[in-house]
There are 2 protein chains.
Amino acid sequence: MARGKDGQRGAGRITLTQVAQLAGVSRSAASFALNGRTDLRISEETSERVRRAAEELGYSPNATAKTLRTGKSGTVALVSDFVGTTSVANAMVRGALQTLRDADTLLYTVDTQGDPELESRFLQNLRSRDIDGFLYASMFTRTVAVPALVRGAPFVLLNCVSEGSDATAVVPDEFAAGETAAAALLSAGHRGDIWFVGDFPSGFTGGVEWHGWRPLALSERLEGIEATLAAAGTSLAGRVPIDNDWDIANGRDGVARLLGSGVTPSALICVNDAVAVGAYHALQHAGLRVPDDISVIAFDGSPLTAAVVPTLTSVALPHQELGRLAAQLLVDEVATTAVHRVPMSLSRGASVAAPATTR
Amino acid sequence: MARGKDGQRGAGRITLTQVAQLAGVSRSAASFALNGRTDLRISEETSERVRRAAEELGYSPNATAKTLRTGKSGTVALVSDFVGTTSVANAMVRGALQTLRDADTLLYTVDTQGDPELESRFLQNLRSRDIDGFLYASMFTRTVAVPALVRGAPFVLLNCVSEGSDATAVVPDEFAAGETAAAALLSAGHRGDIWFVGDFPSGFTGGVEWHGWRPLALSERLEGIEATLAAAGTSLAGRVPIDNDWDIANGRDGVARLLGSGVTPSALICVNDAVAVGAYHALQHAGLRVPDDISVIAFDGSPLTAAVVPTLTSVALPHQELGRLAAQLLVDEVATTAVHRVPMSLSRGASVAAPATTR
DNA sequence: CTGAAAGCGCTTACAG
DNA sequence: CTGAAAGCGCTTACAG
């Protein structure tokens with residue numbers, strides 16, 4: 001993992017000496033001014049000049065040097081065994097950890113909570129420690145703007161792609177996942193009356209910003225579904241828009257609305273497992289049985305699939321493999337701008353059967 | 001966050017110079033030998049002497065100095081927005097992050113996967129970076145042996161307690177949680193035929209090692225339950241032992257066995273949500289309705305509670321508050337050996353009702 | 001192999 | 001305020 005194009009030391013990294021020079025003061029004075037120390041009784045005017053110089057040069061202190069000198073790093077570590085959990089995030093971390101372990105590299109995880117200001121502080125800190133590389137990851141598959149600080153070191157996007165498609169990225173193959181879901185229904189004998197549950201609320205389309213984010217899964221899954229249905233001479237009977245969160249309540253409400261409108265689907269393809277669980281609830285409430293009356297298939301392959309009766313058939317996200325591959329690409333310094341798509345496999349439950357009409 | 005008793009610089013930290021002295025070689029030679037470089041054509045015998053000296057002194061290189069000199073840190077960072085997920089682990093991280101943010105401290109997370117060798121490598125690396133403090137956390141509440149490397153800096157145990165109770169720790173109040181669960185059933189009118197699902201398999205007791213770990217939740221929850229029932233003049237009708245994993249299948253099998261033995265409980269207290277979901281399945285299979293025929297209550301307050309019909313009543317783990325408090329104690333340098341117990345609150349679903357016999 | 005030295009970028013006590 | 005200096009712990013080119 002050598003330094004990236006923009007990651008060379010010295011190439012651009014501003015030091016305190018340079019700030020002092022520009023401000024026309026001693027290094028000591030610059031240090032005192034920047035750290036807001038008053039021992040030296042530096043005039044406010046001088047302090048201001050130093051701060052402006054630092055600002056102008058884009059100075060950011062080297063945390064490694066500071067730590068070496070002071071014996072304090074300003075950081076705390078949380079050490080845990082969390083990865084054991086079956087969580088989306090943890091599976092990605094687990095995959096990356098395995099690969100990096102073989103490469104004798106440790107993995108620090110930081111969580112920005114999706115907050116740009118916190119992210120920026122973390123990135124500054126990490127860069128100032130001469131981190132060898134970044135895995136820039138997203139909770140759910142979407143398009144991101146890669147921060148300049150990340151671009152300054154080798155990096156691989158994990159579960160997201162860059163705006164200009166100008167970076168190495170690893171994402172699930174959502175199109176193929178859509179194909180897989182549709183094919184599962186087709187091979188069970190379904191042809192018509194297949195509904196998709198989880199479209200954007202009206203006014204939104206898959207291609208635009210949504211919730212401040214730009215998810216990829218929805219549009220690509222839909223394309224895969226439609227392509228496969230079209231090849232079999234059919235198409236979706238319709239799409240049920242639901243609210244933002246793609247949670248259980250959204251799924252229940254959406255399907256209740258669908259059933260209330262007099263439609264009797266043969267099968268439901270739900271945008272994720274939680275929505276499918278909500279669909280179960282609405283179906284049960286309407287006295288419909290899964291899969292006897294209606295088949296249900298979803299995406300994600302989360303623990304929810306085992307919580308319902310009958311168990312839910314779902315096209316599983318390959319989180320661990322995403323982490324593994326992204327780490328491998330980082331270690332291997334593969335410097336393409338390719339988007340690597342990892343296959344999603346069908347996790348078979350008992351929620352898909354032959355359509356009621358054929359029995 | 002000052003350095004802990006054993007954390008002072010210089011006090012004990014061995015440097016390369018000391019290794020070289022003990023081995024009777026130059027610092028250059030020591031460096032070359034330890035890094036396995038051959039440029040200098042150091043004899044195998046000398047190398048061996050250096051390695052022995054390093055070993056004897058317990059030398060571990062200072063990563064900060066090394067990074068400063070070489071511009072490489074040997075680490076990679078995974079930057080993400082994972083914390084948004086509703087996962088046990090992430091809630092703890094989120095809580096800690098919030099507190100530390102106010103204290104202007106960043107949080108690095110490392111995951112050891114429960115592997116002692118990987119943990120040791122991480123701890124070495126973190127200590128060598130002069131990390132200001134540790135949150136030592138466990139996935140589930142248990143007794144841990146705190147590594148010496150952690151003790152070398154200020155630290156707080158998160159969701160675990162130390163073997164000798166000689167460290168500041170933050171854990172859920174499991175005893176009170178047991179009381180809460182029992183009280184919920186009592187106030188719904190249940191008196192007898194209350195069964196506990198999730199006892200250790202026979203041969204194990206709550207006090208001893210289990211699965212290589214020593215969980216606290218089970219024994220303390222049971223004590224709280226029994227204490228509250230006793231105060232109401234009753235007691236558990238029995239305990240259903242289940243297999244190790246405390247997952248959905250374990251719960252289903254355990255309850256199926258119980259029902260198969262001819263018992264008809266009035267209420268079930270399940271050791272966690274997953275086991276309760278399994279209980280639902282077994283009850284449904286037996287034609288019993290929740291809560292009309294049997295009430296069910298559990299512990300954890302996970303997303304599974306919303307996935308089932310009726311929604312599950314559960315005593316919720318206060319993960320975020322655990323993280324928040326632990327971070328606060330770390331920042332405040334509270335140097336007691338106190339175990340702080342955080343209350344668990346009742347998350348009301350629709351799975352508890354009056355006993356069938358009273359209606 | 002040795003030994004003295006430079007240098008990574010910072011903070012800080014010191015004499016002026 | 002300045003300015004020269006030391007020092008954190010390492011790596012590494014250099015002359016012997």
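Because the structure is a prediction, the values reported are computed rather than measured. So that the names make sense, note that chain A is the first sequence line, chain B the second, and so on, each numbered from 1.
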> Please name all residues satisfying side-chain hydrogen bond (donor to acceptor under 3.5 Å, both in side chains) with A:R324, sequence neighbours left out, ordered by chain then number.
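A:R324: side-chain hydrogen bond (donor to acceptor under 3.5 Å, both in side chains) contacts with A:E321.
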> Would you mind telling me which residue lines up with the more 5' stretch of DNA chain C, B:T46 or A:T15, judged by nearest nucleotide?
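On the 5' side of the pair lies B:T46.
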> Can you tell me the distance, in whole Å, between the CG atom of A:L34 and the C1' atom of C:dT12?
15 Å
> So, is B:S31 near the phosphate of D:dT11, with a side-chain N or O under 4.0 Å from OP1 or OP2?
yes
> Taking atom C1' of D:dC10 as reference, at what distance in whole Å does atom NZ of B:K72 sit?
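In whole Å, D:dC10 C1' and B:K72 NZ are 16 Å from each other.
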> Going by salt bridge (charged side-chain N to carboxylate O under 4.0 Å, His left out), name the residues that satisfy it together with A:R341, two or more places apart in sequence or in a different chain.
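Applying salt bridge (charged side-chain N to carboxylate O under 4.0 Å, His left out) to A:R341 gives A:E220.
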> Check for me whether the distance between the ring centres of B:Y108 and A:Y108 falls short of 6.0 Å.
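Yes, the ring centres sit under 6.0 Å apart.
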> Can a side chain N or O of A:T70 be found less than 4.0 Å away from OP1 or OP2 on C:dT11?
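For C:dT11, OP1/OP2 do not have a side-chain N/O of A:T70 under 4.0 Å.
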> Hey, does the side chain of A:K66 come within less than 4.0 Å of C:dG9's phosphate (OP1/OP2), counting only N and O?
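Answer is no, no contact under 4.0 Å.
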> Please compare B:E44 and B:A65 by the position of their nearest nucleotide in DNA chain C and report the one closer to 5'.
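Here B:E44 is the residue nearer the 5' end.
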> For A:E44, which residues count as a salt bridge (charged side-chain N to carboxylate O under 4.0 Å, His left out) partner, sequence neighbours excluded?
A:R51
> Looking only at side-chain atoms of B:F32, point me to the closest of D:dT12, C:dT11, D:dC10.
D:dT12
> With a 4.0 Å cutoff (strictly under), does any side-chain N or O of A:N35 reach OP1 or OP2 of C:dT11?
yes
> Just checking, is any N or O donor in the side chain of A:N90 or A:R94 under 3.5 Å from an acceptor N or O on the other one?
no
> Considering residues at least two apart in sequence or located in another chain, which fulfil the salt bridge (charged side-chain N to carboxylate O under 4.0 Å, His left out) criterion with B:D332?
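Checked B:D332 against salt bridge (charged side-chain N to carboxylate O under 4.0 Å, His left out); zero matches.
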> If you check every side-chain atom of A:S26, which of D:dT2, C:dC10, D:dG9 has the closest atom?
D:dT2
> Partners of A:E56 by salt bridge (charged side-chain N to carboxylate O under 4.0 Å, His left out), sequence neighbours excluded?
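A:E56 satisfies salt bridge (charged side-chain N to carboxylate O under 4.0 Å, His left out) with no residue once adjacent residues are dropped.
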> Return the value, rounded to whole Å, for the distance between atom CZ of A:R129 and atom P of C:dG9.
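Checked: the CZ to P distance equals 16 Å.
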> So what's the dot-bracket for DNA chain D: Watson-Crick or G-U pairs under 3.5 Å, [ ] if a pair crosses, | if it pairs off-strand?
|||.||||||||.|||
> Look at the side chain of B:S28 and decide which nucleotide, out of D:dT11, C:dA4, C:dT11, has an atom nearest to it.
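The closest nucleotide is C:dA4.
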> Tell me: CZ of B:R69 to P of C:dA6, nearest whole Å?
13 Å
> Send over the distance from A:R27 CZ to C:dC10 C1', rounded to a whole Å.
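After rounding, the reported distance stands at 7 Å.
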> Specify the separation, in whole Å, of atom CD of B:Q21 and atom P of C:dT2.
14 Å
> Rounded to whole angstrom units, what separation is found between the CG atom of A:L68 and the P atom of D:dC10?
9 Å
> With respect to the side chain of B:L16, which nucleotide from C:dT11, D:dC8, D:dC10 is positioned closest?
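So the nucleotide nearest the side chain must be D:dC10.
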